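Convention: sequence-line order gives letters A, B, ...; per-chain numbering from 1. Everything quoted here is computed from the prediction, not taken from an experiment. No hydrogens, no waters, no symmetry mates; every other heavy atom, side chains included, goes into these values.
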Number of protein chains: 2
Amino acid sequence: MKEDTYLPYPQTAEISLCDVLAALGDELRLAIVGQLAVEPLGLVCGEFNCLTSKTNLTYHVAKLREAGVVHVQPEGTRRRLFLRVDDLQSRFPGLLDSIVKEAAAARQAAVEAGG
Amino acid sequence: MKEDTYLPYPQTAEISLCDVLAALGDELRLAIVGQLAVEPLGLVCGEFNCLTSKTNLTYHVAKLREAGVVHVQPEGTRRRLFLRVDDLQSRFPGLLDSIVKEAAAARQAAVEAGG
DNA sequence: CTCATTGTCCAAAATTTTTTGAACTAATGA
DNA sequence: TCATTAGTTCAAAAAATTTTGGACAATGAG
């Protein structure tokens, strides 16, 4: 596992709205973003509550990273993900907020329904 | 062409964030929404500046309608589309605003670049 | 060093989405 | 009535996305 010169992600100005929307238009990835939003210290791949294989998670994380939604920081053998909150807010003001708010509401509703 | 009992679309409360994001995560559909946003009287399919076949447009319009992004009103042999601005604003406050703002900025930039 | 843990990479398989074309319906206008 | 316009439907083809599995690399613990 190389420690750098990889995990490319777009600079703030290059983030494409369409790519971001496409990246978030998937249940698994939207759930990841929902979890990340309440974790200012980021999360490591293994910490996501998602029922999928490591291989597949790698794939979805790459989608989020390539779209500019998350930043991935190698940490030993792990990968810590951070939501690019400030970058997204400056690029598309209000967008992430509204999405995260709804994601939180949805999770709350799920808990109340006894999930 | 039947005049009613078709063109089903989700009620406001049923609109899924993920479906909306997936619907907008496509260049053609995002462009349609961008155009609709500045047309309070809606637009008829033929009025979109999109280089695609009628058949394909039917397909993409259905995606937007099924996701709850647009309302489609039969008007004789035409179909007039309206952005569901209020429904989306009440369901996901701020979301559409931020998207439309960016879509407008992108079109402006395209014009200035001499498109 | 050796093992277990984390996650990557690659290629194939499975699935979904998008595009196409031909045939068709409904409304409109001459 | 007949032709034109606007859009739909269906099925097939094409393309893109997602999922899987096997082999692998790097780190950290013992």
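- Computed from coordinates, the Leu43(A) CG to dT6(C) C1' distance equals 15 Å when rounded to whole Å.
- Rounded to a whole Å, the CG atom of Leu51(A) is 18 Å from the P atom of dT18(D).
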Using a cut-off of 4.0 Å between protein heavy atoms and nucleotide atoms, how would you tag nucleotides 10-15 of chain D 5' to 3' with B, S and -?
-> ------
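- Rounded to whole Å, the distance from CD on Glu75(B) to P on dT5(D) is 19 Å.
- Atom-to-atom, CG of Asn56(B) to P of dG7(D) comes out at 14 Å; the value is rounded to the nearest Å.
- The number of heavy atoms from other shown groups lying within 6.0 Å of CD (Glu14(B)) is above 12.
- Spacing between atom CG of Leu28(B) and atom P of dT19(C) amounts to 7 Å, rounded to whole angstrom units.
- For the pair Arg78(B) and dT28(C), the criterion of a side-chain N or O lying under 4.0 Å from OP1 or OP2 is not met.
- With rounding to whole Å, Lys54(B) atom NZ is found 7 Å from dT5(D) atom C1'.
- A search for ring-ring contact (aromatic ring centres under 6.0 Å, His included) contacts involving His71(A) returns Tyr9(A), not counting sequence neighbours.
- A donor N or O paired with an acceptor N or O is not found under 3.5 Å between the base of dT27(D) and the side-chain atoms of Thr77(A).
- Candidate nucleotides dT17(C), dT8(D), dG7(C) were compared by shortest atom distance to the side chain of Thr58(B), and dT8(D) ranks first.
- When rounded to the nearest whole Å, the span between CD of Glu47(A) and P of dG7(C) equals 9 Å.
- Of the side-chain N and O atoms in His60(A), none sit less than 4.0 angstrom from OP1 or OP2 of dT17(D).
- At least one side-chain nitrogen or oxygen of Lys63(B) sits closer than 4.0 Å to the OP1 or OP2 atom of dT18(C).
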Take Val70(A) and Phe82(A) through the test side-chain contact (heavy atoms from CB on, under 4.5 Å) and record every step on the way to the result.
-> CA-CA 5 Å; Val70(A) 305; Phe82(A) 299 89; over 6 Å; no
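- Closest heavy-atom contact between Leu17(B) and Glu102(A): CD2-CG, 3.5 Å.
- Heavy-atom minimum distance, Gly68(B) versus Ile15(B): O-CD1, 3.7 Å.
- Applying the 4.0 Å criterion to OP1 and OP2 of dG7(D), one finds that Arg79(B) has every side-chain N and O outside that range.
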Test Gln35(A) against Glu39(A) for side chain to side chain donor-acceptor pair (under 3.5 Å), laying out the working first.
-> CA-CA 7 Å; Gln35(A) 275 198 70; Glu39(A) 297 285 351; over 6 Å; no
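- Comparing dT18(C), dG7(C), dT19(D) against the side chain of Cys45(A) picks out dG7(C) as the nearest.
- Whole-Å rounding puts the Tyr59(B) OH to dA6(D) C1' distance at 21 Å.
- Residue contacts shown for Arg29(A) are limited to sugar-phosphate atoms, with no base heavy atom under 4.0 Å away.
- Listed by chain and number, the residues in a side-chain contact (heavy atoms from CB on, under 4.5 Å) with Ser53(A) are Thr55(A), Asn56(A) (sequence neighbours excluded).
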